[in-house]
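Reading through the structure tokens given below for one structure.
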Amino acid sequence: MTDVATDQLQVWVDQDLCTGDGLCVQYAPEVFEFDVDGLAYVKGPDGELRQAAGARVDVPEHLRLEVIDSAKECPGECIHVVRASDGAEVAGPEAED
């Protein structure tokens with residue numbers, strides 16, 4: 001049995017669904033950032049945006065709740081938080097409640 005509280009999580013943004021509302025950037029600016037196209041992208045620990053489709057970054061442990069909340073509150077339902085071990089979605093449009 002895996003535990004969302006301790007499992008390593010990764011996050012990615014589906015730019016095709018991003019509405020540019022910016023909740024994710026407000027919740028976790030260390031993880032999400034807008035690009036010049038007005039869409040949100042994830043960024044790595046180096047601060048560089050990951051612009052490839054489906055690009056994932058690790059969720060910093062101290063920002064787990066903020067990243068999960070951003071996925072749950074996103075009006076575009078475009079943020080996917082997955083377990084690194086098996087890719088199961090724990091928050092986002094494909095997560096099981």
Side-chain angles (χ1 to χ4, degrees):
M1 182 81 180
T2 57
D3 182 2
V4 173
T6 58
D7 287 341
Q8 177 60 51
L9 301 178
Q10 294 181 322
V11 62
W12 64 280
V13 176
D14 182 344
Q15 282 78 29
D16 290 338
L17 299 176
C18 181
T19 58
D21 285 272
L23 288 176
C24 57
V25 176
Q26 291 176 8
Y27 275 110
E30 292 176 50
V31 177
F32 302 102
E33 186 174 314
F34 284 123
D35 198 10
V36 294
D37 60 8
L39 302 177
Y41 291 82
V42 292
K43 57 185 178 178
D46 58 1
E48 290 295 316
L49 294 185
R50 304 297 194 252
Q51 295 175 304
R56 297 179 180 186
V57 297
D58 290 335
V59 176
E61 190 170 329
H62 69 283
L63 292 173
R64 294 169 71 89
L65 291 177
E66 289 85 348
V67 170
I68 288 170
D69 284 347
S70 69
K72 289 180 177 178
E73 300 297 325
C74 177
E77 296 186 343
C78 66
I79 299 171
H80 301 265
V81 182
V82 299
R83 276 194 307 258
S85 61
D86 63 4
E89 189 151 322
V90 299
E94 297 171 13
E96 293 184 19
D97 291 330

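Nothing here was measured: the structure is a model prediction, and the numbers come from that model. Residue numbers start at 1 and run along the sequence shown. All values below were derived from every heavy atom in this structure, side-chain atoms included, with hydrogens, water molecules and symmetry-related copies excluded.
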Hey, what else clusters with [X] if you join Ile, Leu, Val, Met, Phe, Trp, Tyr whenever side-chain heavy atoms sit under 4.5 Å?
X: V36; answer: none
X: Y27; answer: L23
X: L39; answer: Y41, L49

Quick check: closest heavy atoms across [X] and [Y], and the distance to 0.1 Å?
X: R56; Y: G87; value: NH1-CA, 4.4 Å
X: P60; Y: V31; value: CD-CG2, 3.8 Å
X: S70; Y: V67; value: OG-O, 2.6 Å
X: Q8; Y: D58; value: NE2-CB, 3.4 Å
X: D86; Y: R83; value: OD2-NH2, 2.8 Å

- Note on the structure: Residue pairs passing the salt bridge (charged side-chain N to carboxylate O under 4.0 Å, His left out) test with at least one member in residues 13-22, sequence neighbours excluded, are none
- Among residues two or more places apart or on two chains, list those pairs meeting salt bridge (charged side-chain N to carboxylate O under 4.0 Å, His left out) that have a residue in residues 25-38. E33-K43
Are [X] and [Y] joined in one hydrophobic group, where the rule is that I, L, V, M, F, W and Y side chains link up if heavy atoms are under 4.5 Å apart?
X: V11; Y: I68; result: yes
X: W12; Y: V25; result: no
X: L63; Y: F34; result: yes

- Message: Applying salt bridge (Lys or Arg N to Asp or Glu O under 4.0 Å), can you list everything that pairs with D46, at least two apart in sequence or on another chain?
- Response: R50
Show which side-chain atoms of residues 71-80 pair as donor or acceptor with protein atoms under 3.5 Å away, not counting sequence neighbours.
{"from": "H80", "atom 1": "ND1", "to": "E89", "atom 2": "OE1", "distance (Å)": "2.8"}
{"from": "H80", "atom 1": "ND1", "to": "E89", "atom 2": "OE2", "distance (Å)": "3.2"}

- Task: Return each pair, listed once, that meets ring-ring contact (aromatic ring centres under 6.0 Å, His included) where at least one residue sits in residues 43-63; pairs must be two or more places apart or across chains.
- Result: none
- Query: Side-chain contact, heavy-atom cut-off 4.5 Å: L9 with V90?
  - Reply: yes
